[in-house]
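Take a look at the structure below.
Numbers here are sequence positions counted from 1.
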Amino acid sequence: MSGSRITALGHYQPSRILTNLDLEQLVETNDAWIRQRTGIVTRRIAAEEETVADMAAEAAAKALAASGLEPSDIGLITVATCSNRDRCPSTAAQVAARLGIHSAVCFDLNNGCAGFCTALATADHTLRAGAAKHALVIGAEKMSDVVEWTDRSTCILLGDGAGVAVLSATDDPEDAGGVGPVVWGSDPTRADAVRLMGSWQPRFAQEGQSVFRWATSELPAIAREACARAGLTPADLGGVVTHQANLRIIESLTRQLGLPDDVVIARDIVESGNTSAASVPLALSKLVESGELPSGSPVLLFAFGGGLSWAGQVITCP
């Protein structure tokens, strides 16, 4: 196949909204400080019995319905997650069972917050190789399961949710759109900067200042490389959807890219918090659903996190 293209999107968020004012009742913090340091106003928190697979399946069902495909058309399901409790069967296999998808290859992928962009590239490569024609690429997290609710530096950050892209192979040699070449990698010497360590239940921890300095100093050049591999410059973009880690990081990164004023920037961090591997597909799906990102526009997807890892590519908006 010549490549692959995102043909549909879907997302799911739990109904419970946790505000900054709610957090003031849990730890010593305040709404103004949280907004200033992170940009977050609200985040969604899953019910105690709600699982990563539940959220992934809800979002996947919406994306599959929007694609017009049948369950039998799907040959690959991959779920990017670092918060799933189930190791076997995989979350992807549970999604397949719930949606009536038979004989698809199913696996989970853990690359922290960079997981969805990593999974998207992996699925793209699989479709290009002809091993499948259609794939569900899912980012789903229940980060509330790994929050230390007494730690005021981290409990303000995290939320739950899922986002899904339906990826379909294309054999049109004239089709220049779709999923562009990935730029990915890691700096394992800084692996402790963002981590989930210990036996279940592990707890999320990070070195916030270290991550902020790394992200704002080193990621702009990597993002430019992702654009270059797609044959574009940042000025050619119609939108940018980065990992929703911190609004100050998002604004620093996009400012350093020198983007035109009309480029759509995802700021879902404000209402959803940091949903790790779910943040890129969740933000992308919401922007497309609202009509803010026009079909056919080039969009830079870029994520970074535990590892320290990164992955990004330019896609054509479905």
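- Between D268 and K286, at least one side-chain nitrogen of the basic residue sits less than 4.0 Å from a carboxylate oxygen of the acidic one, meeting the salt-bridge criterion.
- Between A92 and D108, the closest heavy-atom pair is N-OD1, 3.0 Å.
- E225 has a carboxylate O that lies under 4.0 Å from a charged side-chain N of R229, or vice versa, which qualifies the two as a salt bridge.
- Within a 6.0 Å sphere centred on CZ of R152, heavy atoms belonging to other residues, nucleotides or ligands number 12 at most.
- Considering every non-hydrogen atom in both W184 and T122, the closest pair reads CZ3-OG1, 4.1 Å.
- Within the structure, side-chain hydrogen bond (donor to acceptor under 3.5 Å, both in side chains) contacts touching residues 292-303 (residues at least two apart or in different chains) are S290-E292.
- In this structure the side chain of S279 never reaches within 4.5 angstrom of the side chain of S272, judged on heavy atoms.
- Test E50, R16, M143 against I45 for side chain to side chain contact (heavy atoms under 4.5 Å, CB included) and you get one pass: R16.
- A side-chain donor-acceptor contact under 3.5 Å links S144 and D160.
- Using modelled atom types and a 3.5 Å distance limit, the side chains of S252 and Q256 yield a donor-acceptor pair.
- Of the charged side-chain nitrogens involved, at least one lies within less than 4.0 Å of a carboxylate oxygen, so that R98 and D54 count as a salt-bridged pair.
- Under the 4.5 Å side-chain criterion, counting only non-hydrogen atoms from C-beta, M55 is in contact with K142.
- For the pair C155 and T150, the minimum side-chain heavy-atom distance is 4.5 Å or more.
- Closest approach of A66 to L9, counting heavy atoms only: CB-O, 4.4 Å.
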